[in-house]
There are 2 protein chains.
Amino acid sequence: MTGTPPAATLTPVFSALADDTRWQILAELGRAELSASGLAAILPVSRQAIAKHLAVLAEVGLVEPVRVGREVRYRALGARLAETARALETIGAQWDRRLAAIKRLAETP
Amino acid sequence: MTGTPPAATLTPVFSALADDTRWQILAELGRAELSASGLAAILPVSRQAIAKHLAVLAEVGLVEPVRVGREVRYRALGARLAETARALETIGAQWDRRLAAIKRLAETP
DNA sequence: TACGGGTGCAACTAGCGAGTTGCACTCAAG
DNA sequence: CTTGAGTGCAACTCGCTAGTTGCACCCGTA
């Protein structure tokens, strides 16, 4: 059931993105597909910690597991990021639109 | 010196957005400028908790304090959201671009 | 088949963050 | 001047999360 929810709530995505280690992981996965062990060889944290981070990222659809032989590599998915970006842009535009309307109203003689 | 940094790191912004209560606050502020006490009258948390949240949001430039008489109202700023949205979109596009390049390479006979 | 790199599950610790209560101060309005 | 609504600071609790270590299992390869 956790297949590919379009964008249930966006809070979990931000929660997933609110961690430096996860951003390091995402940066590496954006460069090349890597397994948890491969990432652990690069980043200064244990393999299990990385595995947990990957689970979090996969949960919100930011990465996707890919079986290669007997290892599980992960791929960074830009779609979810773009989706989140559009949501943010919409909300921010609403705020600014309201502000502009108030300003216009105040300048009306 | 914490005036208006363009976009130091984006992790703190996501950290600020990774909380439901803060989103409720932002939603209210997007509707109208309110003080901490005003928000506390609406949301089911104490005024001090809201004050902390407002401090966090102001720290990353998502809200802005506005003195009105003896109270301090807060205004939601869409600019930071739009800025963050653009950063996300750029990163996501990079990932997808790399994937597309690999796919194209694999289909080359 | 025997080996070993890779993965997954579980228990545990430490620290950060959200929330609360209590108190003191300030300043606009009566 | 007096009042009280609004704000700010501080100490405290509690739950979540990042990180660790240890162990068991699986499966591709030599």
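The basis for the numbers below is simple: all heavy atoms, side chains too, and nothing from hydrogens, waters or symmetry mates. Residue numbers begin at 1 in each chain, while the letters A, B, ... track the order of the sequences.
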**Q** From the list C:dG4, D:dG6, D:dA18, which nucleotide is the closest neighbour of the side chain of A:Arg22?
**A**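 Among the listed nucleotides, the one closest to the side chain of A:Arg22 is D:dA18.
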**Q** Between P on D:dT17 and CG on A:Leu57, what's the gap in Å once rounded to a whole number?
**A**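 One finds 14 Å between P of D:dT17 and CG of A:Leu57, rounded.
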**Q** Select one nucleotide: of C:dG8, C:dG4, D:dT7, the one nearest the side-chain heavy atoms of A:Arg47.
**A** C:dG8
**Q** Given atom CZ of B:Arg73 and atom C1' of C:dA28, what is their separation to the nearest angstrom?
**A** 14 Å
**Q** On DNA chain D, compare the nucleotides closest to B:Val72 and A:Pro44; which residue's is nearer the 5' end?
**A** B:Val72
**Q** May I ask you to evaluate whether B:Thr21 reaches the phosphate of C:dG19, defined as a side-chain N or O under 4.0 Å from OP1 or OP2?
**A**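 Checking C:dG19 against B:Thr21, a side-chain N or O does come within under 4.0 Å of OP1 or OP2.
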**Q** Just the rounded figure in Å: distance from C1' of D:dC9 to CD1 of B:Ile50.
**A**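 Checked: the CD1 to C1' distance equals 17 Å.
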**Q** Counting only side-chain heavy atoms from C-beta out, which of D:dT21, C:dT7, D:dT7 sits nearest to B:Ser35?
**A** D:dT7
**Q** Please report the distance, rounded to the nearest Å, between CG in B:Leu34 and P in D:dA5.
**A**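 B:Leu34 atom CG is separated from D:dA5 atom P by 19 Å.
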**Q** Please say yes or no: joined through hydrophobic side-chain contacts below 4.5 Å, possibly via intermediate residues, are B:Leu88 and B:Trp95 part of one cluster?
**A**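 Linked, B:Leu88 and B:Trp95 end up in one cluster.
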**Q** Run the numbers on A:Leu29 and A:Leu54 for side-chain contact (heavy atoms from CB on, under 4.5 Å), then give the verdict.
**A** CA-CA 11 Å; A:Leu29 293 184; A:Leu54 288 173; 4.0 Å; yes
**Q** Could you give the CG-to-P distance, from A:Leu54 to C:dT7, as a whole number of Å?
**A** 10 Å
**Q** Out of C:dG8, D:dG4, C:dG4, which nucleotide sits closest to the side chain of A:Gln48?
**A**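 Nearest nucleotide to the side chain: C:dG8.
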**Q** Can you check whether B:Thr11's main-chain N or O pairs, donor with acceptor, with A:Trp23's side chain at less than 3.5 Å?
**A** no
**Q** Is the shortest side-chain N/O distance from B:His53 to OP1 or OP2 of C:dG17 below 4.0 Å?
**A** no
**Q** For the side chain of A:Lys52, counting heavy atoms from C-beta on, which of D:dT7, D:dG28, D:dT20 is nearest?
**A**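 It is D:dT20.
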**Q** Nearest to the side chain of B:Arg70, which nucleotide is it out of C:dT20, D:dG6, D:dT7?
**A** D:dG6
**Q** Are any of the side-chain heavy atoms of A:Asp19 and A:His53 separated by less than 4.5 Å?
**A**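 Side chain of A:Asp19 against side chain of A:His53, heavy atoms only: contact under 4.5 Å found.
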**Q** Could you tell me the separation between the CG atom of B:Asp20 and the P atom of C:dG19, rounded to a whole number of Å?
**A**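 Going from CG in B:Asp20 over to P in C:dG19 covers 9 Å.
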**Q** Taking only the side-chain nitrogens and oxygens of B:Arg67, find out if one of them lies under 4.0 Å from OP1 or OP2 of D:dT7.
**A**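 Checking B:Arg67 against D:dT7: no side-chain N or O falls below 4.0 Å of OP1 or OP2.
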**Q** If each of A:Val56 and B:Tyr74 is mapped to the nucleotide of DNA chain D with the nearest heavy atom, which maps nearer the 5' terminus, i.e. the 5' end?
**A**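 Its nucleotide being nearer the 5' end, the pick is B:Tyr74.
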**Q** Check every atom of C:dA18, D:dT21, C:dT7 against the side chain of A:Ser46 and return the nucleotide holding the closest atom.
**A**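 My answer, after comparing the listed nucleotides, is D:dT21.
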**Q** Answer yes or no: does a side-chain N or O of A:Ser37 lie under 4.0 Å from OP1 or OP2 of C:dT7?
**A**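 Yes, such a contact exists.
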**Q** Rounded off to whole Å, could you give me the CG-to-P distance for the A:Leu43 and D:dA18 pair?
**A** 15 Å
**Q** Over how many whole Å does the gap from A:Leu39 atom CG to C:dG6 atom P extend?
**A** 12 Å
**Q** Between A:Arg75 (side chain only) and A:Val63 (backbone N and O only), is there a donor and an acceptor less than 3.5 Å apart?
**A**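 Side chain of A:Arg75 to backbone of A:Val63: no pair is present.
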**Q** Short question: side chain of A:Arg22, backbone of A:Ala16 - any donor-acceptor pair under 3.5 Å?
**A**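 Between the backbone of A:Ala16 and the side chain of A:Arg22 there is a qualifying donor-acceptor contact (under 3.5 Å).
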